[in-house]
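Quick notes on the structure that follows.
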Amino acid sequence: MELEKSYNANDVEEKIYKIWQESGYFNPDKLPGKRKEPYTIIMPPPNANAPMHLGHALFVTIEDILIRFQRMQGKRTLWQPGTDHAGFETQVVYEKKLDKEGRSRFSMTREDFYKEVWEFVQGNKHITENSLKRLGASCDWDRNMFTLDPEIIKVVYGTFEKMYNDGLIYKSGRICNWCPKHQTGLADLETKYEERQEPFYYFKYGPFTIGTSRPETKFGDKYVVMHPEDKRYKQYKHGDKLELEWINGPVTATVIKDEAVDMEFGTGVMTITPAHDPIDFEIAQRHKLDSETVIDKRGKLLPIAGEFAGLKILDARPKIVDKLKEKGLLEKVDENYKHNVQLCYKCGNLIEPQVVDQWYIAMTKSLPDGRPSLRDMAINALEKKEVEIVTERFEKVFRHWMENLRDWPISRQIWWGIPIPVKYCSDCKEVIIDIQDNISSCKKCGSAKLTKDPDTFDTWFSSGQWPFATLMANDAKHGTEDIKNFFPTQVMETGWDILFFWVARMVMLSYYKTNKPPFQKVYLHGLVRDKDRQKMSKSKGNVIDPLGIIDTYGTDALRFALVFSTAAGNDIPLAEDKIKGMKHFGNKLWNIARFIIMNLEITNYKLQITNPEGSTEADRAILTKLEALIKSSTNHLENFRLHEAAQEIYHFTWHEFADVYIEASKVQLQDENLKAFTLSTLHYSLTTVLKLLHPFMPFITEHIWKILQEKNLAEKNLLMIQEWPK
RNA sequence: GGGCAAUUAGCUCAGUUGGUUAGAGCGUCUCGUUUACACCGAGAAGGCCAAAGGUUCGAAUCCUUUAUUGCCCACCA
């Protein structure tokens, strides 16, 4: 077979992937030899709501390198794949799509909406899976899982029920972050802050002056709050009643003394709107004050606003200010006031805090079986190094976040997701956990009037259980013993941007459910950014399609470029030139192989390097360097310094092996006394480099290996299961 | 307000526990098509490793301060 002058990735990658898949070696149960020690990575399931982006290419590359390396080291490797229904994220994506079509979920039935999203997600799932294959992912497709698979939901429901019975999950009507656009409550993490310059108004409130940037919330205000130590207001006593004129007429205000008031801020006096402000809500709770809803869930004023009822808050604001001005209650306006406003992290609309019933998980409550709280178990895990974040600087970040953790709201008022398995008795108000969805009468009073909880789980509640849920689901589905064999897993590899969303929750939920860490090490990668260091996002339209890159340069080049000069945890600005350079490297390797094969084909020398007789200084030098490379790159890989390993292998291959040794070999091959050892050295160096390079550039290395096999120049098995060089 | 990081060649970035002339990709310049490779080879230019001070036999690497940049967390009506 004539070998082409240059390597063409497109011709071989699909073929090679097929060979791998047919070998069965992605599946740990089908690996040859006696492999005892497991090595497991649970793949962070890509969201099945969009085509894949370079972030996926990065995580697939890193995880595939780790898995292939360990597989060649003789481990029983399981890389568990899956896709995520991604509740809120997907619903947002789909609602945008509806919006473009002039539709809205509010004019659809819940069932129809769910069905449409289901179809949409199924289509994306397949696209995503095919993309993972093009990237060379050697994950076990036999175990492929979806977050809405019944076996997964069963595990999730089991956890919910256990937590409810343990008193860790409770329902509360406290104030929550409400997005008026998406019509759902959100966790703190799902909101962001932005600095805005808005007018800050000072109004006369009886004898006081109060400041606010949100006059539209003030209709129901009937408590005036000041610090108990504030000397300016010492003549007012807690509980004093005052008659005063307010926006829509006279009100009776009650004086409240509370230490939450900052004496330095404004006039040191404020009125409170407990239904629409978290701080005010807390003050009201402390003093058991009345609370009145002023703004509805769509962000419009309620009848309490009188003439302003029905207006959107931002439209109402200037009108309300005008009215107060006319009434002579506007004292002054500070136009230079800057403050942070809270926004929905997805749509950027203002968060409008609302009092809504939500399910919460207690983060700091000790477990009834005597174990510490979820939060403390996670902190202990780091403390005891049962879980280590190898991207070390994130340990501090993790710990700090953990220490300040508040209870986690896990219910969402969205339709796309796992339904909360709860029914309520309309008569006796009993809460009934109904996992099978087949309970039709109240367990307590026998009433048949049951209503289903309309909410769904926060996606992170289910994906937070992913490491053990997938393995449990495998066992239920396939009769495997995955939980026994593969849990706890070895490595969780994911982006630092979901450290809190996901990693933290996995640690807590895993300890809760299994009493074990979900994984031993956490490797956090950075974000792939565009060439201007901008975050790639659909909304910015700067997303680069990895498949296009693969078409042009090949998967191996993309993979090598992604890990080549990237330290863990650092963001990666993608330069296409780098990928191009790595394609050249692949071609270099190809031609090294071509040269060696060409020389070996025309000879019949016995290949062996154990007998150094007839070796030259050049032979010995390259073998020494190769030995050092094996040691060093193995060490780097074991310690997650993939980029270091990649650079060293690159440097050796090109600048030691090709530039120096192969050049020297051309002379040595002319000498019959040197020829045998020279050929042996060439062959040995090549096969070793192929092995070392295989985790990084699996396609080209496997392809060359296959060609060597066809010429009886390599062992019969696939390169992917060859023994790692020692 | 609190915290974390970064600052190294024209550009984008590596540099594990401090140890010989600080590296890579791309770019620039010169030369070269001798059958592995022009997706190449040979060679060259280009860095007081942000600044100052300190520790050390020795610092890009450790410490202190400063400057600039980026990010995270919290959030005051």
Side-chain angles (χ1 to χ4, degrees), chain A residues 3-8 188-189 192-193 195 200-202 210-215 217-218 221 224-226 260-273 276-280 283 337 339-342 393-401 403-404 406 496-497 499-500 526-527 529 531-533 535 553-554 557 560-561 563-599 632 635-636 638-641 643-648 650-651 654-655 658-659 662-663 665-666 682:
Chain A
L3 298 181
E4 297 282 330
K5 231 175 164 184
S6 47
Y7 173 69
N8 192 336
D188 293 339
L189 265 179
K192 59 183 180 181
Y193 289 88
E195 191 174 71
F200 191 75
Y201 306 97
Y202 289 90
I210 57 158
T212 183
S213 59
R214 304 202 54 193
T217 63
K218 297 281 151 198
D221 288 12
V224 56
V225 191
M226 59 214 72
V261 178
D262 181 357
M263 289 188 275
E264 309 291 317
F265 187 87
T267 57
V269 181
M270 64 181 195
T271 61
I272 56 166
T273 314
H276 302 290
D277 184 280
I279 304 287
D280 295 2
I283 293 172
Y337 180 66
H339 67 151
N340 287 328
V341 293
Q342 194 180 16
R393 68 171 194 265
F394 287 105
E395 287 216 0
K396 275 186 214 163
V397 182
F398 183 89
R399 199 180 306 254
H400 183 259
W401 188 76
E403 279 161 4
N404 295 296
R406 294 201 286 170
W496 56 255
D497 53 323
L499 179 61
F500 304 140
L527 266 39
R529 297 174 177 273
K531 58 186 192 309
D532 303 316
R533 302 195 61 88
K535 193 172 170 175
Y553 303 104
F560 214 58
V563 293
F564 191 71
S565 56
T566 309
N570 287 359
D571 289 351
I572 307 152
L574 178 87
E576 205 165 316
D577 280 345
K578 193 150 83 179
I579 303 170
K580 194 172 156 195
M582 294 310 155
K583 186 193 172 210
H584 293 176
F585 174 64
N587 194 56
K588 188 74 187 176
L589 180 70
W590 176 252
N591 277 290
I592 289 169
R594 219 158 70 92
F595 173 78
I596 293 171
I597 289 167
M598 201 183 79
N599 280 286
S632 167
N635 183 267
H636 286 315
E638 277 166 351
N639 292 290
F640 301 96
R641 294 187 295 264
H643 60 295
E644 285 287 297
Q647 286 182 29
E648 286 185 2
Y650 175 99
H651 186 261
W654 201 317
H655 303 298
D659 289 355
I662 288 184
E663 290 309 315
S665 78
K666 287 176 183 170
L682 285 169

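Quantities reported herein were computed from a predicted structural model and do not represent experimental measurements.
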Any side-chain heavy atom of A/Gln647 sitting closer than 4.5 Å to one from A/Phe564?
yes
Considering only heavy atoms from C-beta outward, does the side chain of A/Asp497 approach that of A/Leu527 to under 4.5 Å?
yes
Nearest-Å distance, [atom1] ([X]) to [atom2] ([N])?
X: A/Leu589; N: B/C40; atom1: CG; atom2: P; value: 14 Å
X: A/Ile283; N: B/A77; atom1: CD1; atom2: C1'; value: 8 Å
X: A/His400; N: B/C72; atom1: NE2; atom2: C1'; value: 10 Å
X: A/Asn570; N: B/U7; atom1: CG; atom2: P; value: 9 Å
X: A/His339; N: B/G1; atom1: NE2; atom2: P; value: 18 Å
X: A/Phe398; N: B/C73; atom1: CZ; atom2: P; value: 15 Å
X: A/Leu499; N: B/C73; atom1: CG; atom2: P; value: 10 Å
X: A/Asn340; N: B/C72; atom1: CG; atom2: P; value: 13 Å

Integer angstrom distance from the [atom1] of [N] to that of [M]:
N: B/A24; M: B/G43; atom1: P; answer: 13 Å
N: B/U7; M: B/A14; atom1: C1'; answer: 15 Å
N: B/G41; M: B/C26; atom1: P; answer: 10 Å
N: B/U34; M: B/G18; atom1: C1'; answer: 47 Å
N: B/U21; M: B/C4; atom1: C1'; answer: 36 Å
N: B/G58; M: B/G19; atom1: P; answer: 14 Å
N: B/C76; M: B/A6; atom1: C1'; answer: 32 Å
N: B/A67; M: B/C48; atom1: P; answer: 24 Å

Main-chain N/O of [Y] paired to [X] side chain as donor or acceptor, under 3.5 Å:
X: A/Asn591; Y: A/Asn587; answer: yes
X: A/Asp280; Y: A/Ile272; answer: no
X: A/Trp590; Y: A/Glu4; answer: yes
X: A/Asp277; Y: A/Ile279; answer: yes
X: A/Gln342; Y: A/Lys192; answer: no
X: A/Arg406; Y: A/Asp188; answer: no

With sugar-phosphate meaning primed atoms plus P, OP1 and OP2, does [X] contact a base, only sugar-phosphate, or nothing at under 4.0 Å between heavy atoms?
X: A/Asp280; result: nothing
X: A/Arg641; result: base
X: A/Lys218; result: sugar-phosphate
X: A/Asn639; result: nothing
X: A/Val269; result: nothing
X: A/Thr212; result: sugar-phosphate

With under 30° as parallel and over 60° as perpendicular, where do the rings of A/Phe200 and A/Phe265 fit, or are they tilted in between?
perpendicular
Return the orientation label for the A/Phe585 and A/Trp654 ring planes: parallel under 30°, perpendicular over 60°, tilted otherwise.
parallel
Check: A/His636/A/Glu648 side-chain N/O donor and acceptor closer than 3.5 Å
yes
Could you summarise the pairing of RNA chain B as dot-bracket text, marking Watson-Crick and G-U pairs under 3.5 Å with ( ) or [ ] inside the strand and | across strands?
(((((((..((((.....[...)))).(((((.......))))).....(((((..]....))))))))))))....
From the options [options], select the nucleotide whose nearest atom is closest to the side chain of [X].
X: A/Leu189; options: B/G15, B/C76, B/C73; answer: B/C73
X: A/Glu644; options: B/C73, B/A77, B/G15; answer: B/G15
X: A/Tyr193; options: B/C75, B/C4, B/A77; answer: B/C75

Closest nucleotide of RNA chain B for A/Asp277 versus for A/Trp496: which of these residues is on the 5' side?
A/Trp496
Protein within reach of the bases, or only the backbone? For nucleotides 23-37 of chain B, mark each nucleotide 5' to 3' as B, S or -, using heavy atoms under 4.0 Å.
-SSS---------BB
